Protein chains: 2
Amino acid sequence: MGKALSKSTKSRGEQAYSLLRHEIIRGAFAPEQPLRLAQLQERCGVGFSPLREALTRLAAEGLVTSEAMRGFRVAPLSLDDLRDTMETRTYVETEALRRSIERGDDDWEGRIVSSLHALGRQNERSHPDDPDSLAALEDRHRDFHVALISASGSRRLEQIIDNLYLGSVRYRMPSLGNLSSNPARDLMIEHGAISDAALARDAPHAVELLTAHYSLTAELLIQAHSDRLGRAANG
Amino acid sequence: MGKALSKSTKSRGEQAYSLLRHEIIRGAFAPEQPLRLAQLQERCGVGFSPLREALTRLAAEGLVTSEAMRGFRVAPLSLDDLRDTMETRTYVETEALRRSIERGDDDWEGRIVSSLHALGRQNERSHPDDPDSLAALEDRHRDFHVALISASGSRRLEQIIDNLYLGSVRYRMPSLGNLSSNPARDLMIEHGAISDAALARDAPHAVELLTAHYSLTAELLIQAHSDRLGRAANG
DNA sequence: GAATATAACATTTTCGATAATATTTTGATT
DNA sequence: AATCAAAATATTATCGAAAATGTTATATTC
């Protein structure tokens with residue numbers, strides 16, 4: 001797959017940045033694991049300068065931490081941060097949803113309908129054992145939620161939402177299979193209901209459904225994360 | 001000059017970062033002005049690598065923009081962004097204030113009282129013609145608002161509020177003298193009232209006062225900014 | 001004269017060597 | 001064995017030259 005050079009619009013720094021970003025999100029590194037420059041240099045095939053730049057950027061995004069003269073580490077995960085992130089996400093996204101319902105035009109409706117459709121299709125063809133299909137499902141999931149709030153008219157809210165999504169996605173990754181195959185839950189029905197309420201311009205109902213959707217997700221993630229911590233401590 | 005290295009715990013990259021950050025906030029560079037590496041290298045007294053790192057970080061914070069192979073520029077300012085930032089700020093900070101009023105302990109009250117006191121003192125000794133005293137006043141102002149929401153219990157909200165403050169402070173800088181010397185406005189009374197309501201644990205009232213405080217500030221800033229744009233276009 | 005190619009220049013981006021700092025190992029002393 | 005200092009090693013942080021890329025000026029063609 002070495003063809004990637006063709007698209008020369010990407011600097012080496014960009015490349016290193018997106019590669020590391022993906023790997024961290026995928027959970028390829030353990031939380032708090034030190035990220036040694038020499039190692040990464042080999043893995044990414046770039047020199048020190050672009051590497052440091054990529055890591056600096058990731059640090060600003062909250063995916064890694066950096067300490068002067070002691071280099072970079074993968075950012076930690078914690079139950080508190082998970083709770084905080086999901087609560088804040090709910091508070092901010094519900095407002096963006098209200099504004100979108102207020103201001104959304106035909107294009108907005110189109111984006112919701114089409115992203116929901118794409119999510120459904122990917123859901124049919126995804127299998128809990130295939131990581132690639134689950135990653136694709138996660139992307140479609142994100143697209144749908146982005147579409148929902150895409151008419152808020154506030155660049156700032158969009159940026160905040162983007163960053164909060166980033167803060168939550170690492171918690172979801174390890175338990176993606178479990179989440180989407182949870183028998184007590186039909187995600188497509190939940191998403192469909194949110195979409196319906198939004199398109200019907202019923203803001204209170206849409207907000208209620210979105211809040212419930214995130215609350216349930218948060219509960220399951222917190223459950224999964226506590227289990228993982230428990231296993232790590234005992235086993 | 002570069003002898004001042006001594007025992008500084010600050011790496012060169014740190015130094016370049018905070019220097020540039022201050023200068024951009026102070027308005028030493030025009031919005032959208034290209035930031036040439038060679039120039040900055042001289043101004044900051046550091047090599048390319050730490051410089052690029054500092055600029056990358058500032059770009060992530062939203063103070064500069066970066067385009068591949070075309071370097072960095074000072075981030076633009078616009079009326080739309082000003083409005084958006086102040087509205088979003090109000091939405092997020094009022095929630096953090098509610099939570100702080102709900103959860104705040106004695107220490108929280110202490111931080112409010114003492115930061116309000118410090119703000120008052122600096123206000124007495126500040127003069128509209130002295131940029132240094134105005135910068136100090138701005139810092140005390142920020143400290144007070146940070147103290148108000150410092151018991152929200154949400155690291156995420158704090159981070160968001162921090163970034164939104166950063167997004168608004170550049171608009172305030174050029175008209176700081178006008179703002180604080182506006183005869184139709186007594187900022188100390190506004191701040192005192194907010195503080196009183198918060199300490200009395202009257203959340204609805206405190207939120208109302210804080211919202212009004214930001215609305216008025218936003219109006220005056222939008223006014224000042226339109227004037228500036230008008231003058232720039234005509235004169 | 002307009003459009004296109006070519007060369008000269010400016011700027012960003014990358015690399016690898018070097019300096020600065022942290023961490024580990026070693027060995028002498030108690 | 002435990003403690004400490006000093007040397008050895010590992011790692012990060014910085015610099016400046018070199019490569020890659022973009023921009024402007026000049027020449028050439030139609």
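Just the heavy atoms: all of them, side chains too, but no hydrogens, waters or symmetry mates, feed the values below. In what follows, every chain begins at residue 1, and chains take the letters A, B, ... in the order their sequences are listed. The shown structure was predicted, so the numbers you read here are calculated from the model rather than taken from an experiment.
If you measure from atom CG of A/Leu55 to atom P of C/dT14, you get 14 Å, rounded to the nearest angstrom. Remark: P of D/dG22 and CG of B/Leu37 are 16 Å apart, rounded to the nearest angstrom. Note: CG (B/Leu40) to C1' (C/dT13) measures 15 Å, nearest angstrom. Between the CD atom of A/Glu67 and the P atom of D/dT12 there is a distance of 12 Å, rounded to whole Å.
Within the nucleic acid shown, B/Leu35 comes within 4.0 Å of sugar-phosphate atoms alone, with no base atom in reach, counting heavy atoms only. Looking at heavy-atom distances under 4.0 Å, B/Arg52 makes contact with a base.
For A/Phe144, the ring-ring contact (aromatic ring centres under 6.0 Å, His included) partners at least two apart in sequence or on another chain are A/His191.
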Could you write out each protein N or O paired with an N or O of nucleotides 6-9 of chain D at a distance under 3.5 Å?
none

Seminar exercise, completed: Under a 4.0 Å heavy-atom criterion, the protein footprint on nucleotides 15-20 of chain D, written with B, S and -, is BBB---

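Along DNA chain C, the nucleotide nearest A/Arg70 and the nucleotide nearest A/Glu53 are compared for position; the residue whose nucleotide lies closer to the 5' end is A/Glu53.
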For this session: Treat a base pair as Watson-Crick or G-U wobble with both distances under 3.5 Å, then lay out DNA chain C in dot-bracket form, 5' to 3', with | for cross-strand pairs.
Result: ||||||||||||||||||||||||||||||

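Sequence neighbours left out, the pairs with a member in residues 29-49 of chain A that pass side-chain hydrogen bond (donor to acceptor under 3.5 Å, both in side chains) are A/Glu23-A/Arg43. Residue pairs meeting the ring-ring contact (aromatic ring centres under 6.0 Å, His included) criterion with at least one partner in residues 44-93 of chain A, sequence neighbours excluded, are A/Tyr91-B/Tyr91.
Under the 4.5 Å side-chain criterion, counting only non-hydrogen atoms from C-beta, B/Tyr17 is in contact with B/Glu61.
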